[in-house]
Protein chains: 2
Amino acid sequence: MAMRKVVERQTGVALWRQIADRIRLAISNGDYDAAGMVPPETVLAGEFGVNRHTVRSALAALAEEGLVRAVQGRGTMIERKERVSYPISKRTRFSQGLGRQVKEIGTQLIGHAEVPASGEIAAALGISPGARLVELRTVSSGDGRPLSVSASYFPADRFPRMAEEYARLGSVTKAFATHGLDDYVRVTTELVARHADADELALLKLSPGAIVMEAQSVNADLEGRPVEFSRTRFAADRMKLKIET
Amino acid sequence: MAMRKVVERQTGVALWRQIADRIRLAISNGDYDAAGMVPPETVLAGEFGVNRHTVRSALAALAEEGLVRAVQGRGTMIERKERVSYPISKRTRFSQGLGRQVKEIGTQLIGHAEVPASGEIAAALGISPGARLVELRTVSSGDGRPLSVSASYFPADRFPRMAEEYARLGSVTKAFATHGLDDYVRVTTELVARHADADELALLKLSPGAIVMEAQSVNADLEGRPVEFSRTRFAADRMKLKIET
DNA sequence: CTCAAATGTCTATTGATCTAGACAAGTGTA
DNA sequence: TACACTTGTCTAGATCAATAGACATTTGAG
């Protein structure tokens, strides 16, 4: 006897999207690992108590994401199931840590600018509001799928060439080194989860209604002086964050 | 000139719900602090490029949550704005840390059982699958609003009276002490964000489509032996997590 | 009091979502 | 090949979401 899985009506979230979310979660939990396929549409329709067409809409959305692939006559196969685990620790460095989970890591600089510090960023970095900052905006991906989009801010007086060096070296750690900073540690990270905005949907290639986890973090040199403030938004259905204390 | 704020159509997420999410975020960011009220419905309708009735649906949902209150003739006032910050560190203890952010903290034991360890939990606790565990299910709230729902698992051989002691003392730390465990530390925390399921919606009194942050964590004694596995789900629109490394 | 500005309520219409049923077409097995 | 099982496609109708416009009601300021 299959358990009736609950979906809610008249909530502003279409049934097909709720069901897509549930199936995505089940895939990532490994619930369908035995067969390597999603249950037949008629079975899912029965479990969720909806029409088969509604389930089809959900599966179509997941196929669009590249998570499953339907084959007429056979069924709907799972193409990808894992969430990438991203470690957050005192020595968080982006490219490390992802390690063997993805074969190929890409980071792309999508923009940079010199901007005045907002009140929030100034407070986090311990500088005065309006002080000059170098802003770097990047997108990171693993095996071709966007994983996160980030905006980082560095005091311009201490790290004036951050944008050029990052563009040349492809690494914040290495760009810091060219300014004479050889080591740094993460001081604080604040995490919030929310729906992605239009910008994030586009950059992360997410389907609308998707969730991002936003981490606001501060890195400091070994004397404790803040050197970087960053706002990284992770595609929540592709990543989990592993906090090491 | 008001900036046009983007909402997406035909995404399975109703416009009114997207707008409700955006307004909730703006409130929590303090964007409307100057006036203490949400902009008039006609202004919001203009900003989002939708009909006033659609904005009204969004505001009705926020009023239902207790976040705003509309008064005819005056406007829509903000009732509550803050997100509670929850610290995650080596010494994470629930009731501390929330500290002065909420006046009154409530934790409610909603159920307990003795269950066999699943493969996942067994691996996390370093015991054999099927070993007996004490399961505690709790809901925590601040100033009357549910903040998190949690399921915790303790090896039954070492902590046989966990459920009774927790019910009596209202604290995991104190219940540990009655079993001769005076100190413990958090070893790992894994974080995932996703849509809340029907159960979580009910327990956390969330409106459907809402987001939860799920933290899976392991606590160990000072010799490094795992003593607790827990799955805590935070209401994402009421909490931020502060990671201290 | 008068008026502008705000929320509250109603009707009507359009498009998206969901249900229902039927049948076509591909796959794997007996 | 015959058959069961699966996904693909089509039509039709019911319900929800969003737009549009009109007007009532309440509040606060002049």
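Below, all heavy atoms of this structure are taken into account, side chains as well, without hydrogens, waters or symmetry copies. Note on naming: letters A, B, ... go to the chains in the order of the sequence lines (proteins, then strands), and numbering restarts at 1 for each one.
Among the heavy atoms of the strands, none lies under 4.0 Å from A:S57.
In the set C:dT7, D:dT9, C:dT19, the nucleotide with an atom closest to the side chain of B:A70 is C:dT7. Checked against C:dT7, D:dT7, D:dT27, the side chain of A:E41 finds its nearest nucleotide in D:dT7. Of the candidates D:dT25, C:dT17, D:dT6, D:dT25 carries the atom nearest the B:Q72 side chain, counting heavy atoms from C-beta on. Taking only side-chain atoms of A:H53, from C-beta outward, the nucleotide of D:dC10, D:dG8, D:dA24 with the closest atom is D:dC10. For B:L15, the listed nucleotide lying nearest its side chain is D:dA18; candidates were D:dA18, C:dT19, C:dC18.
Rounded to whole angstrom, the span from the CZ atom of B:F48 across to the C1' atom of D:dT19 amounts to 17 Å. The distance from atom CE of A:M77 to atom P of D:dT6 is 13 Å, rounded to the nearest whole Å. Look at CZ on B:R69: it is 14 Å from C1' on D:dT27, rounded to the nearest Å. One can place CZ of A:R56 at 13 Å from C1' of C:dC23, the figure rounded to the nearest angstrom. Note: CG (B:N51) to P (D:dA22) measures 13 Å, nearest angstrom. What separates CG of A:L59 from C1' of D:dG8 is a distance of 13 Å, to the nearest Å. Between the P atom of D:dC10 and the CZ atom of A:R52 lies a distance of 13 Å, rounded to the nearest Å. If you measure from atom CE of B:M37 to atom C1' of C:dA5, you get 11 Å, rounded to the nearest angstrom.
Inter-residue side-chain proximity for B:R238 and B:L206 is flagged as met; some heavy-atom pair is nearer than 4.5 Å. For the pair A:I211/B:H195, a side-chain contact is recorded, criterion being any heavy-atom separation below 4.5 Å from C-beta on. With a 4.5 Å cut-off on side-chain heavy atoms, B:V115 and B:V134 do not count as touching.
OP1 and OP2 of C:dA6 both lie 4.0 Å or more from every side-chain N or O belonging to B:T76. Close to D:dT19, at under 4.0 Å from its OP1 or OP2, lies a side-chain N or O of B:T54.
Remark: B:E114 CD is packed, more than 12 non-hydrogen atoms of other residues, nucleotides or ligands lying under 6.0 Å away.
Nearest-nucleotide mapping onto DNA chain D: of B:R74 and A:P39, the residue sitting toward the 5' end is A:P39.
A:T189 and A:S217 are not linked by any side-chain donor-acceptor pair at a separation below 3.5 angstrom, with hydrogens and angles left out of the test.
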